[in-house]
S.K.: 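If you scroll down you'll find the structure; I have some questions about it.
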There are 2 protein chains.
Amino acid sequence: MTPDPRELLKGAGLRLTAPRLAVLEWLASHPHSTAEHVAEGVRERLGAVSTQAVYDVLNTCSRVALVRRIEPAGHPARYETRTGDDHHHLVCRRCGRAEDVDHVHGAAPCLEPSNSAGFAVDAAEVIFWGLCGDCRLPPRNEESSA
Amino acid sequence: MTPDPRELLKGAGLRLTAPRLAVLEWLASHPHSTAEHVAEGVRERLGAVSTQAVYDVLNTCSRVALVRRIEPAGHPARYETRTGDDHHHLVCRRCGRAEDVDHVHGAAPCLEPSNSAGFAVDAAEVIFWGLCGDCRLPPRNEESSA
DNA sequence: ACGTTTACTGGAACCAGTCAAGAAAGCGAC
DNA sequence: GTCGCTTTCTTGACTGGTTCCAGTAAACGT
């Protein structure tokens, strides 16, 4: 898909601004970027953009479901434009890299807790933890502790 | 259950100290406490204990699997002594309160990603998000569950 | 009891993310 | 086109949760 960011923003009732377009375009081609990563990418395209603007765009777009935020424990948040389907994620314990995982099980059997303890559950989040290819093979990267 | 903390610590090759015992005992009776919460409880029993000591105990015990750390996005980490079984959690979006969820589905169908994208997956974490009983009823209750 | 090893104290630092005030830009009306 | 209201961006200080550091104190084997 990768629909026109302009359409998306308008559809969400948001103003069309350069930082917003740049953020959405960056995320479309670089899913699972961190805020800092997004900021870098946006600055490459636009010149100077404040970190705050990036956070603001990301938060605003998260609020209207144009982007989805993933917050893996122990790592900065990551963002993606693939919303709508509740796909899950694969996250590297070491470097925090994230990849999409479609849930195959038609009925999503894990989406219903056995007992909800009085909670009104509205979502189930699944994270598969492991080591990505880059992190498990070469221990020569300076961060070889783990 | 609730084995003697002394045994647990010795079994893990850790020294027996008052802060450690107090932390483990507190967690046994107050699962899903935050670090700050644990610190308060420990201080009630022991008098003065530094925040760092609490973090150190929690981290050390996490490392040897005497406690498990849960880090719900947007909320401080929570700790519990129920380790070994990979049960999941129910987390309140508003107050961060966490409850245990046993996974009923014998084969744990959600523990295998459809494609692992080159990752060596070692765990699947499931968080059910929602509102706890306290938070969804009264619209004025900001944050307090203890 | 002694010395070594490990843990605790207190303080400073860290990082991702947020808040606040003002300046600038978008966009609908004229 | 441009006026003016409103939203959004900039700058810069700030927070909360957690960790790092250096020094002191306590645990445990002998």
Side-chain angles (χ1 to χ4, degrees), chain A residues 5-24 32-40 42-43 45-64 66-67 69-79 95-96 98 143 145-146, chain B residues 5-24 32-40 42-43 45-64 66-67 69-79 91 95-96 98 142-143:
Chain A
R6 262 159 287 254
E7 299 298 320
L8 293 173
L9 286 170
K10 286 193 170 177
L14 294 177
R15 286 188 180 169
L16 220 82
T17 70
R20 284 179 177 170
L21 290 172
V23 165
L24 290 179
H32 312 124
S33 295
T34 62
E36 188 185 358
H37 209 141
V38 171
E40 284 170 15
V42 166
R43 286 185 190 120
R45 182 169 315 187
L46 298 182
V49 176
S50 70
T51 304
Q52 202 46 239
V54 173
Y55 275 106
D56 188 31
V57 170
L58 291 172
N59 286 335
T60 303
C61 290
S62 291
R63 213 172 296 125
V64 299
L66 287 186
V67 319
R69 181 200 309 227
I70 313 150
E71 298 178 62
H75 298 277
R78 289 169 178 260
Y79 300 86
C95 69
E143 285 195 354
S145 54
Chain B
R6 261 159 287 252
E7 298 299 320
L8 293 173
L9 287 170
K10 285 193 171 179
L14 295 178
R15 287 192 180 168
L16 220 80
T17 70
R20 284 179 177 169
L21 290 172
V23 164
L24 289 179
H32 312 125
S33 295
T34 62
E36 189 184 357
H37 211 138
V38 171
E40 284 170 15
V42 166
R43 287 185 191 120
R45 180 169 317 187
L46 297 183
V49 177
S50 70
T51 304
Q52 289 66 25
V54 173
Y55 276 106
D56 188 31
V57 170
L58 290 172
N59 286 336
T60 302
C61 290
S62 291
R63 214 171 297 127
V64 298
L66 287 186
V67 319
R69 180 202 308 228
I70 313 150
E71 299 178 62
H75 298 276
R78 289 168 179 260
Y79 300 86
V91 178
C95 69
E142 273 297 286
E143 173 169 13

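Letters A, B, ... mirror the listed sequences (proteins, then strands); counts begin at 1. Every value quoted in this text rests on a predicted model; they were computed, and no experiment measured them.
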S.K.: Between the protein and nucleotides 17-21 of chain C, list every N/O to N/O distance that falls short of 3.5 Å.
M.R.:
unit_1: C:dG17; atom_1: OP1; unit_2: A:Ala77; atom_2: N; d: 3.0
unit_1: C:dG17; atom_1: OP2; unit_2: A:Tyr55; atom_2: OH; d: 3.0
unit_1: C:dT18; atom_1: OP2; unit_2: A:Asn59; atom_2: ND2; d: 3.1
unit_1: C:dT18; atom_1: O4; unit_2: A:Gln52; atom_2: NE2; d: 2.9
unit_1: C:dC19; atom_1: N4; unit_2: A:Gln52; atom_2: OE1; d: 3.4
unit_1: C:dC19; atom_1: N4; unit_2: A:Gln52; atom_2: NE2; d: 2.6

S.K.: For the CD atom on B:Glu36, are there more than 12 heavy atoms of other groups (residues, nucleotides or ligands in this structure) within a distance under 6.0 Å?
M.R.: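 Atom CD in B:Glu36 is not crowded, with 12 or fewer foreign heavy atoms closer than 6.0 Å.
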S.K.: With the side chain counted from C-beta on, respond yes when B:His32 and B:Ile70 share a heavy-atom pair under 4.5 Å apart, and no when they do not.
M.R.: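 Of all side-chain heavy-atom pairs linking B:Ile70 with B:His32, at least one is under 4.5 Å.
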S.K.: Angle, rounded to 10°, between the helical axes spanning five pairs at each terminus of the helix from C:dA1-D:dT30 to C:dC30-D:dG1?
M.R.: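 Roughly 30°, once rounded to the nearest ten degrees.
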S.K.: Looking at CZ of A:Arg69 and OG of A:Ser62, how far apart are the two atoms once the value is rounded to the nearest 0.5 Å?
M.R.: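 A:Arg69 CZ to A:Ser62 OG: 5.0 Å, rounded to 0.5 Å.
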S.K.: Restricting both atoms to N or O, compile the protein contacts to nucleotides 27-30 of chain C shorter than 3.5 Å, with distance only.
M.R.:
unit_1: C:dC27; atom_1: OP1; unit_2: A:Leu16; atom_2: N; d: 2.8

S.K.: List, one per line, each side-chain donor-acceptor pair under 3.5 Å for residues 16-24 of chain A, sequence neighbours excluded.
M.R.:
unit_1: A:Thr17; atom_1: OG1; unit_2: A:Arg20; atom_2: N; d: 3.3
unit_1: A:Arg20; atom_1: NH1; unit_2: A:Arg15; atom_2: O; d: 3.0

S.K.: Give the minimum heavy-atom separation between B:Pro72 and B:Ala77, together with the two atoms involved.
M.R.: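 Heavy atoms of B:Pro72 and B:Ala77 come nearest at CD-CA, 4.5 Å.
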S.K.: Work out which heavy atom in A:Glu71 is nearest to a heavy atom in B:Gly74; give both atom names and the distance.
M.R.: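 Nearest pair, atom of A:Glu71 first, then B:Gly74: OE1-N, 3.6 Å.
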S.K.: Give me the first and last nucleotide of DNA chain D, going 5' to 3', that has any atom under 4.0 Å from a heavy atom of chain A.
M.R.: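 For DNA chain D, the relevant span reads D:dT6 to D:dG12.
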S.K.: For a quick test of reading the model, state the closest non-hydrogen atom pair linking A:Cys95 to A:His75 and the distance between them.
M.R.: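 That would be C-CE1, 4.0 Å.
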S.K.: Identify the heavy atoms of B:Val67 and B:Leu58 that sit nearest to each other, and give their distance.
M.R.: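 Looking at all heavy atoms of both residues, the shortest contact is CG2-O, 3.7 Å.
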S.K.: Minimum heavy-atom separation for B:Arg78 to B:Gly96, with atom names?
M.R.: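 Shortest heavy-atom contact: NE-O, 2.9 Å.
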S.K.: Grab the CG-P distance between B:Leu58 and C:dC8 for me, whole Å please.
M.R.: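 Distance, rounded to whole Å: 11 Å.
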S.K.: Run the salt bridge (charged side-chain N to carboxylate O under 4.0 Å, His left out) test against A:Arg63 and tell me which residues pass, sequence neighbours left out.
M.R.: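 Result, salt bridge (charged side-chain N to carboxylate O under 4.0 Å, His left out) vs A:Arg63: none returned.
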S.K.: What I'd like to find out is whether the side chain of B:Thr51 reaches to under 4.5 Å of the side chain of B:Arg43, using heavy atoms alone.
M.R.: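 Yes; the side chains approach each other to less than 4.5 Å.
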S.K.: Can you give me the closest heavy-atom contact between A:Thr34 and A:Pro76, atom names plus distance?
M.R.: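 That would be CG2-CG, 4.2 Å.
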